[in-house]
Each structure stands twice: as structure tokens, then as C-alpha cells.
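The analysis underlying the following values was restricted to heavy atoms, covering all of them including side chains, and did not include hydrogens, waters or symmetry mates. Below, chain A is the first sequence line, B the second, and so on; all start at residue 1.
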Amino acid sequence: MAKCKPWQKCCCIFLALICAAALVCLCIATIVGEGCISGFKHAAVAADSKLCSDIGKEMLLQGGSAVDGAIAALLCTSVVNPQSMGIGGGSILAIRNKTGNVTVYNFRETVPKSFKTNLLSDCPKEFRFSTGSQWIGVPGELRGYEAVHKLYGKLPWAKLFEPTIKLARKGIPMPPYLSQIMSHSFVKMHVENSSLCEVLCNKNNVSLGKEEILKFPKLAETMETIAKQGADAFYNGKIGQDLIQDIKNAGGTLSMEDLRSFKVQVENAWTVPLGNIRMHIPPPPSGGPLLAFILGIMKDYPFTAGSPNVNEKIQMYHHYIEAVKFANGQKKSIRDPIFSDRKSANHLVDPSFINRIRKMISPNSTHENTYYNNVEPPFDNFG
Amino acid sequence: TTHVSVMDQNGLVVSATSTINQLFGGAVYSPRTGIILNNELADFCKRTTTLQAGERPPSSMAPTILESKSGGVLAIGGSGGSMITTAMALSIINHLWLGMSLKDAIAAPIVFVDSENQVNFEKGFNENVRDGLKAFGHKVGNWNFFLNVVNAVGTENGCISAISDNRKLGKSAGY
């Protein structure tokens, strides 16, 4: 057999390497999703942590719907990021069904039947947390999950709770983001000087640090009951009674009647055209109309896709900042339409109003706050 | 606050924003149930009229779904209190009109216009652009808490792109 020349050997090695690289790419593509190297082929979840995105994905892989995935991921988030959300809170969901209709389920908290007289005089006069039981709204989270699960759920209700019950009971190493947040001295004090310390402090009453284990054994029990008995255990049963008792002990005013009468608000999304795009937003009192107002102003300015130069960027951000200044002046229009003028925010998506405001934006200068109707603005908050 | 975007293989899309309002709500823990309670009524601050039972406070939360004529869908939402609107608006502008990938659109540093109309630049924001904006007369604030987070799932080139914001150390999942 004739011997190969050195250059032929090099070519063979080079070809072999290309084949191997192609094979690796193919394997990755198959694992991640056929043909989608930088994304997924079938379904996906984007939550605030890998753990909760994975739990949502697991539900989808078991034949669950996007709603099952979302509920499971949210329940998980209540343990991984308890500073952000939980079953003591509320949500807004936009759901697009297979025919393209978008419905909004608003189960954000509501004002209880009885609340502290002159509550608003307790509002902070400077930028700080509002702590205490007087600020508690009627939690809507579980009624909302129940409503959307009845319509769109494919997996059994209890199944959605299983992974989170395990996490809450066994515990997890302090999640990196929570650990980062709790390392700030003012957050440490906030936790250590409140009833939160019962679950977020170690046995020395010091807030949990990086290497420690975060556990919610009582929450695991509560979730187990709700998984077995449904949301009624919270709104009509023992869990609700216990919760109300604790709130009363902390000086709050919530009652069983508040829990029993909580209703999920279901309505069509507002649909707003943005050129070739249709944007479906939640109606007031959500921030949807303000978002639509800003994008409505921006859509008719020219954009340089790709890599705009510095001057083009300055111009774009200037228009954007001006649009937001006008949006700040419109924040007062966002109110619960059931309890105020039903149309108080309609102008924010009205093209003639948007065009009028766009004409008020100067190309290279800005104005005093009164120009934007931004008088006595509310404090910002950081969620 | 947190946001979850989900797309399943049958075309159902969910954009969900959930909250207990401020950090750990009102810092009230229920020992009998293990539940941390919200402080949502604080969102009524600056209201001049009386609250009414059953009323919901105004919110920045805006779980949104966008669809293109060609059938593309994007479920997007954010957290970070007052910064939600800005974080979402700029992510949408970057993605839809500046042609950035969803990942880059969300990762790009933002400019936040606070309630006093001062502009605040996130770390990494282009300095030349910042100088240009200052020259237009915008007052610069000293906002320290860039807790803006956007999570989104969208169709991109026949695949599903799912992005969890790295600002909160998030990671998406799918198959």
C-alpha cells in the first residue's frame, strides 16, 4: 500500500477535526432542541432562577401546558426569591390561547373591607420601606392560579406543588441572588428586626449568609394542604383562618370575609398597534397603558437598526427620555377603573393624543417638569 | 416582584408578573402558615382620595405579549418597581426596532427617568451618549438601585429564544 504524503496526512486530520466538530454541534443541537443551537425547538420557560425555569420545563415535559409551567415556576420562585413574591401576594397574567386571543387575569391584592383610618398618613415621607400589617392587601395569588389552571391546566393541581414542597421542606443552599440582596446592611436589619427572622435567620438570629440552608417547613405544610384541598383551603378553610389570626396578632385588619369574597378579574387585553406588531397589554390599573404610550410615541421616530452611530443614539435616547417624562406626568391616570372614571387611561393609547405629545418633544432640548404635567410626583419604588 | 414567560409546544403563551410589592412585602411573616405577606396598599401612597374596599392599587407591572404579522410571538415582562416600564420599553425597542437579539436587547444598560424627571444611567451605559444627553439639558440623578429585570420568551428564526435576565442571575430552560 502506498504511503501517504505529509500534506495528505494533514488534510485527513483537518477533515477528521471538521467532522468531529460537526458531530459535537449536531449532538448539542439534538440535546437542546432539534436544529436550534441558540434556542429551543418546542417550549421554554424564562423565570428568575435556573432552578425555577427547570421546574417549569419539567412540567412542560410531563405534558403540562404553559399555564402549568408558569404556576410551577412561580410557586418555586416563592421559595427561591421570597423577597419578590409568594402566595401571600398577587399577580397579573396575560395568556394567549391557540387562536391568538389574549386574556388578562388580574389577581393582584385588593383593599380589605376594613382598613386603618388615615392609612395614607402612614406613607413614608422619604424613600424607605413601608413595613407593618396595615399595608397588607387581600392576597389573590392562589385564587388566580386556580382560575387559570381550571381553564388551561393539563396536569393535576397537586402536581404543580410537588417540586416546591420538596424544596421548602428539605431546604436549598441560599440562592445566590437572595444571598447577594441580604448581604446589604439595610436588608439585614430589615430582616433581623422583623418576624421574617423566624425563617430567614440562623439559630443566632443573624440573617442567613451565603453557605447556609434556606428552609420553609411551615410553608411546605401549607402548600401540601393547598395541593390536596385546593385554593379553598386558603380562602375558606383552616389555612385562611390561621393566616387571619396571625395578621390580627400583628395588628392587621384582614378578615375571613375578605378572603372569601376575593374575585379574580378577567378581561380582554388592550391591543395596540406598533407598526407591523400588535402589542397586547394588561389594562389599568396595570402599567400596560404607560408602556404602550411610550412605545406609541417612539414608534414613529426613525431607527437605525444594526449599529447606530453616537449621534443617532443620542437622538434616540433623547426622544425616549422625553417620552418617559410625559409618561411620568400621566401616572395619575392609572387607577382601578372599577372604582374611578373607567376611561381615565384610554387617552394613553389614543393615536391622536400620542401624536400631539410627540409634536411637543423638542429635537435637542428639554423642559421643566410642569411642561410634562409632572407635578407632585409619587416616590419611586424599587419593587 | 418577579416575571415568568412561558411558551408551550401547543402554542399557548403565558406572560406572568407576580409580587408581594416591596422587598419581603411589609416584612410580616405568618408563623402558623409560613406565608410572607404583601404590603400592596403602600402603592396607594400619594393618593388624595379615600381607598375603597375591593380596589386594586396602581402598578407598574405590565406582562405583555407581542405578535408580528409573520406569526412571531414575544412574551415579555419585568420587575423592579418603578423601573419596570423603562426596562421593558427599552428591551422592546432594542429588539424590535434596533434589531438586537433578545439576549442583547435585555442585557443592554438602561437609562431610567425617575419620578422627578432626572435621568439615571445604569453602569456600562455609553459615556459619549450620556455626555450628549447632558448637553441637551437633561438633569442627571444618582439612583443607586438598578434592580430592573426583564424575562422573555419569543420566537426567533424558527426557534424559541428564552432569556432570563442576568441582572438577577436568572437562567431559562426549554427543550
Open item on the list: Can you confirm whether or not the ring centre of A:Tyr317 sits under 6.0 Å from the ring centre of B:Phe136?
Closed with: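 Centroid distance A:Tyr317-B:Phe136: not below 6.0 Å, so no.
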Minimum heavy-atom distance [X]-[Y], with the two atoms named:
| X | Y | answer |
| --- | --- | --- |
| A:Phe40 | B:Gly174 | CD2-C, 3.3 Å |
| B:Leu12 | A:Tyr152 | CD1-CD2, 3.8 Å |
| A:Met316 | B:Leu98 | SD-CD1, 3.7 Å |
| B:Tyr175 | A:Leu60 | OH-O, 3.8 Å |
| A:Ile277 | B:Ser68 | CD1-CB, 3.8 Å |
| A:Gln134 | B:Leu41 | O-CD1, 3.7 Å |

For [X], is it the side chain, the backbone, both, or neither that has a heavy atom closer than 4.5 Å to a heavy atom of chain A?
| X | answer |
| --- | --- |
| B:Arg130 | neither |
| B:Val149 | side chain |
| B:Leu96 | side chain |
| B:Thr48 | neither |
| B:Phe146 | neither |
| B:Asn126 | side chain |
| B:Val111 | both |

Open item on the list: Run B:Thr2 and A:Asp48 through side chain to side chain donor-acceptor pair (under 3.5 Å) and show every step you take.
Closed with: CA-CA 7 Å; B:Thr2 192; A:Asp48 267 348; 2.6 Å; yes
Open item on the list: Under 3.5 Å, is there a donor on one side chain and an acceptor on the other for A:Lys50 and B:Ser164?
Closed with: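 Side-chain D/A pair, A:Lys50 to B:Ser164: absent.
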Open item on the list: Side chains of A:Glu141 and B:Ser18 only: does a donor on one sit below 3.5 Å from an acceptor on the other?
Closed with: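 Yes.
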Which one of [options] has the most heavy-atom pairs closer than 4.5 Å to chain A?
| options | value |
| --- | --- |
| B:Glu55, B:Gln22, B:Gln9 | B:Glu55 |
| B:Leu74, B:Asn94, B:Asn128 | B:Asn128 |
| B:Gly137, B:Ser70, B:Ala89, B:Ala152 | B:Ala89 |
| B:Ser59, B:Ser172, B:Gly99 | B:Ser59 |
| B:Gly25, B:Gly77, B:Gly11, B:Pro31 | B:Pro31 |
| B:Gly132, B:Gly80, B:Ala75 | B:Gly80 |

Please round to the nearest 0.5 Å and tell me the distance separating atom [atom1] of [X] and atom [atom2] of [Y].
| X | Y | atom1 | atom2 | value |
| --- | --- | --- | --- | --- |
| B:Glu156 | A:Cys36 | CD | SG | 10.5 Å |
| A:His190 | B:Leu23 | NE2 | CG | 5.5 Å |
| A:Phe379 | B:Ser82 | CZ | OG | 11.5 Å |
| B:Thr33 | A:Leu243 | OG1 | CG | 5.0 Å |
| A:Leu291 | B:Met61 | CG | CE | 13.5 Å |
| A:Thr110 | B:Leu51 | OG1 | CG | 11.5 Å |

Among [options], which residue forms the greatest number of heavy-atom pairs with chain B at distances under 4.5 Å?
| options | result |
| --- | --- |
| A:Ser365, A:Ala250, A:Gly90 | A:Gly90 |
| A:Asn193, A:Val148, A:Asn106, A:Val187 | A:Asn106 |
| A:Pro175, A:Ala94, A:Ser286, A:Gly329 | A:Ala94 |
| A:Glu198, A:Gln180, A:Lys332 | A:Glu198 |
| A:Pro377, A:Ala46, A:Gly89 | A:Ala46 |

Open item on the list: Looking at B:Lys103, I want to see if its NZ is surrounded by more than 12 non-hydrogen atoms of other residues, nucleotides or ligands under 6.0 Å.
Closed with: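 Atom NZ in B:Lys103 is not crowded, with 12 or fewer foreign heavy atoms closer than 6.0 Å.
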Task: B:Asn157 atom CG, over 12 foreign heavy atoms within 6.0 Å - done: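 No, the 6.0 Å shell around CG holds no more than 12 heavy atoms from other groups.
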Open item on the list: As a quick check of understanding, evaluate side-chain contact (heavy atoms from CB on, under 4.5 Å) for B:Gln52 and A:Val111, giving each step before the final call.
Closed with: CA-CA 7 Å; B:Gln52 296 179 68; A:Val111 176; over 6 Å; no
Is any side-chain heavy atom of [X] less than 4.5 Å from a side-chain heavy atom of [Y]?
| X | Y | result |
| --- | --- | --- |
| B:Phe24 | A:Leu200 | yes |
| B:Thr85 | A:Lys331 | no |
| A:Leu120 | B:Arg47 | yes |

Open item on the list: side-chain contact (heavy atoms from CB on, under 4.5 Å) for A:Lys325 and B:His138? Distances and angles first, verdict last.
Closed with: CA-CA 11 Å; A:Lys325 287 181 179 179; B:His138 295 292; 3.0 Å; yes
Within the side chain of [X], is there an N or O that forms a donor-acceptor pair under 3.5 Å with the backbone of [Y]?
| X | Y | result |
| --- | --- | --- |
| A:Arg96 | B:Leu66 | no |
| A:Asn369 | B:Glu116 | yes |
| A:Asp246 | B:Arg32 | yes |
| A:Ser130 | B:Ala42 | no |
| B:Asn10 | A:Lys98 | no |

TODO: Given side-chain contact (heavy atoms from CB on, under 4.5 Å), test B:Lys168 with A:Ser84 step by step and report yes or no.
DONE: CA-CA 11 Å; B:Lys168 204 170 177 178; A:Ser84 299; 2.9 Å; yes
Task: Single hit among B:Asp43, B:Asn38, B:Thr19 for side chain to side chain donor-acceptor pair (under 3.5 Å) with A:Arg108 - done: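 Output: one option passes, namely B:Asp43.
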Open item on the list: Is there a side chain to side chain donor-acceptor pair (under 3.5 Å) between B:Lys139 and A:Thr366? Walk through the geometry before answering.
Closed with: CA-CA 9 Å; B:Lys139 287 179 192 149; A:Thr366 188; over 6 Å; no
Task: Proximal component of A:Ala70, with respect to chain B [non-hydrogen, under 4.5 Å] - done: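 Both backbone and side chain.
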- [ ] Would you please test B:Asn39 and A:Phe129 for side-chain contact (heavy atoms from CB on, under 4.5 Å) and show each step?
- [x] CA-CA 9 Å; B:Asn39 67 341; A:Phe129 296 128; 5.9 Å; no
Task: Worked check of side chain to side chain donor-acceptor pair (under 3.5 Å) between B:Ser115 and A:Asp380 - done: CA-CA 6 Å; B:Ser115 61; A:Asp380 287 303; 3.1 Å; yes
